[in-house]
Structure formats: C-alpha cells, structure tokens
Amino acid sequence: MAGENQSCHYNETMGFFYNKSSEEAGWGHKQHQLILVQVVGSLFCCFILFSNSMVIAAVITNKKFHYPFYYLLANLAASDFLAGIAYVYLMFNTGKASQSLTVKEYFFRQGLLDVSLSASLSNLLVIALERYISVMNFKVHSNLTKRRVTLLIVLVWGISIFMGAVPSLGWNCICNLDNCSQLAPIFSRSYLIFWSTSNLVVFLVMVAIYMRIYGYVKKKTTMLTPHTSGSINRKRTPIKLIKTVMVVLGAFVICWTPGLIVLLLDGINCTSCGVMKMKRWLLLLAVLNSVMNPCIYSYKDEEMWTTFKNLLRCIGNGTRRQRSTKANARPLSSAQDTGNSQPPSEETKNEDQGILET
C-alpha cells in the first residue's frame with residue numbers, strides 16, 4: 001500500500017505535474033498575452049451568458065417555439081451557457097494559478113470544459129436526428145412528444161457528465177507520469193487520442209447527415225415547385241431551419257476542429273508540433289463558437305430576433321419603472337418615524353391631488 005501511494009501522486013499540486021512534463025505552466029514573459037486573453041475572454045463570456053440566457057428565455061416565452069426543434073436548440077444554448085461559466089473559471093485559474101491547483105480542482109476545471117463540449121456535440125447530433133425525422137415526412141417540425149424530447153435532453157446531459165468525469169474516474173496518468181500529455185499534464189495521451197478521434201468522427205457523421213438531409217429537401221422542393229405556387233414559402237420552411245442548423249454546425253466544426261487536431265497531435269506525442277504555443281489562441285477560438293451561436297439564431301430566424309427585441313424592451317421598461325418608483329418614493333419624516341405625525345389637512349390633500357393630476 002505504501003508503495004502504491006508513493007507511485008501515485010494524488011496529493012501533489014499541479015506544479016509537480018507541470019514540472020514533470022517539462023513544460024511551462026505559466027505564461028512567463030508573455031504575461032501581456034495572458035492579460036489580453038483574460039480581458040477578451042471575459043468580454044466574450046459576458047456576452048455568452050447574456051445572449052444564451054436570451055435564447056432560453058425566448059423559447060420559454062414564445063409559444064411559436066414550443067416544438068421539439070426549438071427545445072433542443074434551447075438545450076444547445078444551455079450547453080453554451082455552461083461553456084461560458086467553464087471559460088470564466090478556466091481563464092482565472094490559468095498561468096501561475098494553474099500550479100497551485102490541486103488534482104481535484106484541475107479535474108473540475110477541465111471537466112467543466114469537457115462536459116460543455118460533449119453537451120454541445122450531443123445536442124447537435126440529437127438535432128440532426130430530429131431534423132432527419134421531420135424531413136423524411138417533409139414537415140417543418142417532427143412529431144416527437146415532449147416526453148421523448150425531455151428524455152433526449154436528460155440523455156444528452158447524462159452522457160456529457162459521464163464523458164467529462166472519465167479522467168477523474170481513472171483514465172489519467174497520475175500513477176504513470178511517462179504517459180502524461182503536455183496540454184493536460186494529468187491526462188493520459190491515450191485518453192486524448194480517444195477524445196479527439198471520437199469527436200472528429202462525430203463531426204464527419206453529422207456533416208454527412210446534414211448534407212444528405214439538405215440534398216433530399218432541395219430535390220423534393222424542386223419537384224414540388226411547379227405544383228405548389230402560392231404555398232412554396234411554406235414548403236421552404238424546413239430548408240430555412242436546416243440552413244440555420246447547418247450554419248451552427250459549420251461554426252462548431254471550424255472553431256473546434258483545430259483544437260481537436262492539436263489534442264490528437266499531443267496524444268501521439270508529437271514533440272516537434274509546438275502544441276503548447278497554440279493552446280491559448282485555440283481556447284479563444286473555442287470561446288468564439290459560443291459567442292457566434294446566438295448571433296446565428298437571431299440572424300437566421302426573424303421570429304427569434306423579434307422575440308429578443310421584445311424581451312429587451314420588457315427589461316428596459318422594467319428598469320425604467322423601477323427607477324421611477326424609487327424616484328417618486330417619499331422618505332418618512334421624523335414625526336412619521338415615531339408615529340406622532342398629524343393627519344394631513346384638506347389643503348395638503350388638494351395640493352397632492354393636483355400634483356398627481358399634472
């Protein structure tokens with residue numbers, strides 16, 4: 001037992017693992033880059049949290065969005081919201097702060113990122129299946145019941161949490177330092193290979209599904225064009241939804257593929273690839289993806305943009321009403337505080353009424 005505890009390093013801080021990986025944990029002389037990443041990343045994260053909250057609120061408040069597709073879209077926004085929280089936690093626990101983290105704290109930091117990525121990827125895959133079901137029937141929305149959609153959402157988060165917890169459950173290099181990666185000093189290189197490869201394969205599968213769906217709908221629409229005349233706009237509605245999701249998927253693939261490739265290079269122990277030099281900028285690229293999604297929803301969906309404006313108008317009206325209430329509130333006089341004030345005279349009542357009428 002003593003030998004096992006000695007070979008495993010659960011009680012060490014992350015500084016121990018960074019030193020063993022012979023890589024610099026901090027940003028060293030590039031401290032200005034760290035500040036730039038934190039400032040830009042913080043602005044991105046504020047927008048991510050606010051905008052994805054708006055998407056979720058829009059789906060909840062607008063009855064036109066009470067369909068399986070939009071429920072899943074709101075769940076994708078929830079995964080982006082979690083990503084915003086994960087990025088904030090990561091940015092302020094990086095650099096020199098990384099070395100003082102415990103093993104559990106590091107697993108938690110990386111687990112948040114892994115859960116948010118897994119949730120985003122799983123949501124996109126489930127949305128692809130929902131779109132496939134609806135397109136095969138050439139309907140705007142599928143016939144999935146709310147119960148089935150709820151089960152899908154629970155399944156998405158269950159798988160995502162499990163995937164984020166896998167390294168902390170044992171697939172790590174804490175007891176085998178020779179197998180540690182450079183980017184994540186307590187993650188096994190074999191795990192990085194599995195993680196990056198599986199995600200890249202899912203990317204390819206989803207791209208193939210959406211290309212198949214889009215080709216089918218385009219062909220069907222072309223065949224129906226001579227016979228639909230006035231109803232063609234209604235028939236094109238499935239294409240609009242599919243285009244929205246394809247743009248979201250395209251942005252996701254563009255923003256995450258470079259990072260997954262770098263993880264794969266680290267997993268195969270490519271020492272000449274300079275993976276450490278790219279990680280900080282790839283992080284910002286990943287953050288940018290969660291910034292882009294709400295912009296895509298509002299740009300591609302006029303109803304979503306209208307709902308956003310209505311929500312912002314309600315927030316603005318509520319803020320003005322609150323300020324007006326505070327401004328009109330009268331502080332109590334000392335006599336009123338002690339309960340010895342006299343009832344107002346008729347003349348005072350008349351003056352107050354005149355003020356209200358004006």
With no hydrogens and no angle check, is any side-chain donor or acceptor of [X] less than 3.5 Å from a backbone partner on [Y]?
{"X": "D266", "Y": "Q182", "result": "yes"}
{"X": "H66", "Y": "I60", "result": "yes"}
{"X": "Y210", "Y": "A128", "result": "yes"}
{"X": "S122", "Y": "A119", "result": "no"}
{"X": "S116", "Y": "L113", "result": "yes"}
{"X": "N62", "Y": "A58", "result": "no"}
{"X": "R189", "Y": "S181", "result": "no"}

Between [X] and [Y], is there shared hydrophobic-cluster membership here, with clusters defined by ILVMFWY side-chain heavy atoms closer than 4.5 Å?
{"X": "L192", "Y": "L200", "answer": "yes"}
{"X": "I56", "Y": "I127", "answer": "no"}
{"X": "M91", "Y": "F107", "answer": "no"}
{"X": "Y71", "Y": "V248", "answer": "yes"}
{"X": "L152", "Y": "V205", "answer": "yes"}

Report yes if some heavy atom in the side chain of [X] is under 4.5 Å from a heavy atom in the side chain of [Y]; otherwise report no.
{"X": "S198", "Y": "V202", "result": "no"}
{"X": "S42", "Y": "F92", "result": "yes"}
{"X": "C180", "Y": "P185", "result": "no"}
{"X": "F203", "Y": "L121", "result": "yes"}
{"X": "L183", "Y": "V262", "result": "yes"}
{"X": "W195", "Y": "L264", "result": "no"}
{"X": "M54", "Y": "L312", "result": "yes"}
{"X": "F16", "Y": "L177", "result": "yes"}

Compute whether any side-chain donor of one residue and acceptor of the other, for [X] and [Y], lie under 3.5 angstrom apart.
{"X": "S79", "Y": "S120", "answer": "yes"}
{"X": "E105", "Y": "N93", "answer": "no"}
{"X": "W157", "Y": "N75", "answer": "yes"}

Below 6.0 angstrom between ring centroids: does that apply to F108 and Y89? yes
Pairwise distance [atom1]([X]) to [atom2]([Y]) - rounded to 0.5 angstrom:
{"X": "I209", "Y": "L124", "atom1": "CD1", "atom2": "CG", "answer": "11.0 Å"}
{"X": "I159", "Y": "L155", "atom1": "CD1", "atom2": "CG", "answer": "4.0 Å"}
{"X": "K309", "Y": "C314", "atom1": "NZ", "atom2": "SG", "answer": "13.5 Å"}
{"X": "I153", "Y": "L76", "atom1": "CD1", "atom2": "CG", "answer": "11.0 Å"}
{"X": "L288", "Y": "N293", "atom1": "CG", "atom2": "CG", "answer": "10.0 Å"}
{"X": "M211", "Y": "M246", "atom1": "CE", "atom2": "CE", "answer": "5.0 Å"}

Set out, in order, the CA-CA distance, both residues' side-chain angles and the distance that settles side chain to side chain contact (heavy atoms under 4.5 Å, CB included) for M14 and S100, then state yes or no. CA-CA 6 Å; M14 288 306 301; S100 61; over 6 Å; no
Identify the two heavy atoms, one from [X] and one from [Y], that lie closest to each other, and give their separation to 0.1 Å.
{"X": "D80", "Y": "I48", "result": "O-CG2, 3.3 Å"}
{"X": "P68", "Y": "V149", "result": "CB-CG2, 3.7 Å"}
{"X": "M163", "Y": "S118", "result": "CB-OG, 3.6 Å"}
{"X": "V55", "Y": "A77", "result": "CG1-CB, 3.7 Å"}
{"X": "L249", "Y": "M206", "result": "CD1-CE, 3.7 Å"}
{"X": "A86", "Y": "L112", "result": "CB-CB, 3.6 Å"}

For residues 165-177, which residue pairs qualify under side chain to side chain donor-acceptor pair (under 3.5 Å), counting only residues two or more places apart or in two chains? W171-S190
Could you go step by step and tell me if L82 and V115 meet the side chain to side chain contact (heavy atoms under 4.5 Å, CB included) rule? CA-CA 8 Å; L82 176 62; V115 170; 3.7 Å; yes
What's the verdict on side chain to side chain contact (heavy atoms under 4.5 Å, CB included) for F252 and L117, showing C-alpha distance, side-chain angles and the deciding distance? CA-CA 10 Å; F252 188 85; L117 173 60; 3.5 Å; yes
Return the orientation label for the F194 and Y191 ring planes: parallel under 30°, perpendicular over 60°, tilted otherwise. tilted
Mind telling me whether F187 and Y106 have parallel, tilted or perpendicular rings, with 30° and 60° as the class edges? perpendicular
Can you confirm whether F162 is buried at CZ, in the sense that more than 12 heavy atoms of other residues, nucleotides or ligands lie under 6.0 Å from that atom? no
Test side chain to side chain contact (heavy atoms under 4.5 Å, CB included) on T13 and Q99 and set out the steps. CA-CA 7 Å; T13 62; Q99 299 189 16; over 6 Å; no
